[in-house]
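For reference, the structure discussed in these notes is given below.
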Amino acid sequence: MAGTIQVSAFEKRVSEWRGIVMGLASQFVLLPFLGFLVVKTFDLEPVAGITLLITTTSPGGGFSGLFCSLSNADLALSVAMTTVSTVLTMVMMPLNIVLYINSTYGTGERSTSRAVHHP
């Protein structure tokens, strides 16, 4: 299943920045913070917690085109959002990972007490 958009529709969505800003705030602020809250609330071990934090800081544009096509949503906005979030991921993903992993598990000596030890 493929979808097509006109270049003018894509340009219009990029120039109408409110939808893009809402999507970016959800992608890079809200979702990682919710992942952080889950890790802290359930006191997850480092392997599970770090995996969840990496998952919640990763962009989710891979299936958005499919879901937009299936639900007759705004495909141009989806493509614009995926384009912008993919570029910003190069900065925001490492920043969120460092921020939330250090806030949750600490660094150096403090983090070794919770480390997973294998026999």
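- Annotation: side chain of L88 is not in contact with side chain of M93 (no heavy-atom distance under 4.5 Å).
- In this structure, T51 OG1 and E45 CD are separated by 12.0 Å, a value rounded to the nearest 0.5 Å.
- Side-chain contact between F33 and N96: absent, with no pair of heavy atoms (C-beta onward) separated by less than 4.5 Å.
- Taken from CG in L31 to CZ in F36, the straight-line distance is 14.0 Å, to the nearest 0.5 Å.
- The distance from atom CD1 of I50 to atom OH of Y105, rounded to the nearest 0.5 Å, is 6.0 Å.
- At a threshold of 4.5 Å between non-hydrogen side-chain atoms, the residues L53 and I97 do not count as touching.
- Shown here for R13 and A80, the closest heavy-atom pair between the two residues is CB-CB, 4.0 Å.
- Using modelled atom types, one side-chain atom of Q27 and one backbone atom of S58 make a donor-acceptor pair closer than 3.5 Å.
- Annotation: side chain of T57 is not in contact with side chain of M92 (no heavy-atom distance under 4.5 Å).
- Of the possible polar contacts, one joining the S85 side chain to the T82 backbone as a donor-acceptor pair under 3.5 Å is found.
- If you chain together hydrophobic residues whose side chains sit under 4.5 Å apart, L30 and L52 fall into the same group.
- When the side chains of ILVMFWY residues are joined at heavy-atom separations under 4.5 Å, either directly or via intervening members, V98 and L44 end up in two distinct hydrophobic clusters.
- Note on L34 and F28: separate hydrophobic clusters, where clusters join Ile, Leu, Val, Met, Phe, Trp and Tyr whose side-chain heavy atoms are under 4.5 Å apart, directly or indirectly.
- Pairing each heavy atom of T41 with each of L37, the nearest pair is OG1-O, 2.6 Å.
- Side chains of D74 and C68 form no contact here, defined as non-hydrogen atoms less than 4.5 Å apart.
- Note on L95 and I54: separate hydrophobic clusters, where clusters join Ile, Leu, Val, Met, Phe, Trp and Tyr whose side-chain heavy atoms are under 4.5 Å apart, directly or indirectly.
- For the pair I20/L77, a side-chain contact is recorded, criterion being any heavy-atom separation below 4.5 Å from C-beta on.
- M22 and L24 fall into different hydrophobic clusters, where Ile, Leu, Val, Met, Phe, Trp and Tyr side chains are chained together by heavy-atom contacts under 4.5 Å.
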